[in-house]
Amino acid sequence: MNSTKGINIAFALILIIFLFGCSREILLEDQIVKILENSENRDYESVIDYDIKGNYIVVVYKSKENDI
């Protein structure tokens, strides 16, 4: 009985560590938004689209300045 209980506890701990380890993933769009928000000369409101072209990331975003 004690070995079964120990195995169950170990399995639960491994499962919890695995789930928390995978949940810290940072999305590319989140990184793009963070860079745009911290840029001095960008009037960023929202990301419309982004695409990876070779070694570059092309980002299309909506500017606050164009609001009427």
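Note: hydrogens, waters and symmetry copies are ignored here, and every other heavy atom, side chains too, is used.
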Quiz item: When clusters are formed from ILVMFWY side-chain contacts under 4.5 Å, directly or step by step, what else is grouped with Val60?
Solution: Ile48
Quiz item: Remaining members of Val58's ILVMFWY cluster at a side-chain heavy-atom cut-off under 4.5 Å?
Solution: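 The other cluster members (ILVMFWY side chains, heavy atoms under 4.5 Å, direct or chained): none.
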Quiz prompt | With sequence neighbours excluded, residues passing salt bridge (charged side-chain N to carboxylate O under 4.0 Å, His left out) with Asp51 | solution = Lys53
Quiz prompt | Cluster link Ile32 to Ile52, ILVMFWY, side chain under 4.5 Å | solution = yes
Exercise. Report the distance from atom CD of Glu29 to atom CG of Asp49, rounding to the nearest 0.5 Å.
Key: 9.0 Å
Practice problem: Taking the side chain as every heavy atom from C-beta outward, state whether Ile57 and Leu28 have any pair of such atoms under 4.5 Å apart. | Solution: yes
Quiz item: With a 4.5 Å heavy-atom cut-off, do Tyr61 and Glu45 have their side chains touching?
Solution: no
Quiz item: Looking at residues at least two apart in the chain, or sitting in another chain, which of them share a side chain to side chain contact (heavy atoms under 4.5 Å, CB included) with Ile35?
Solution: Ser39
Quiz prompt | Contacts of type side chain to side chain contact (heavy atoms under 4.5 Å, CB included), residue Leu13, not counting sequence neighbours | solution =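 Per chain and number, Leu13 pairs via side chain to side chain contact (heavy atoms under 4.5 Å, CB included) with Ile9.
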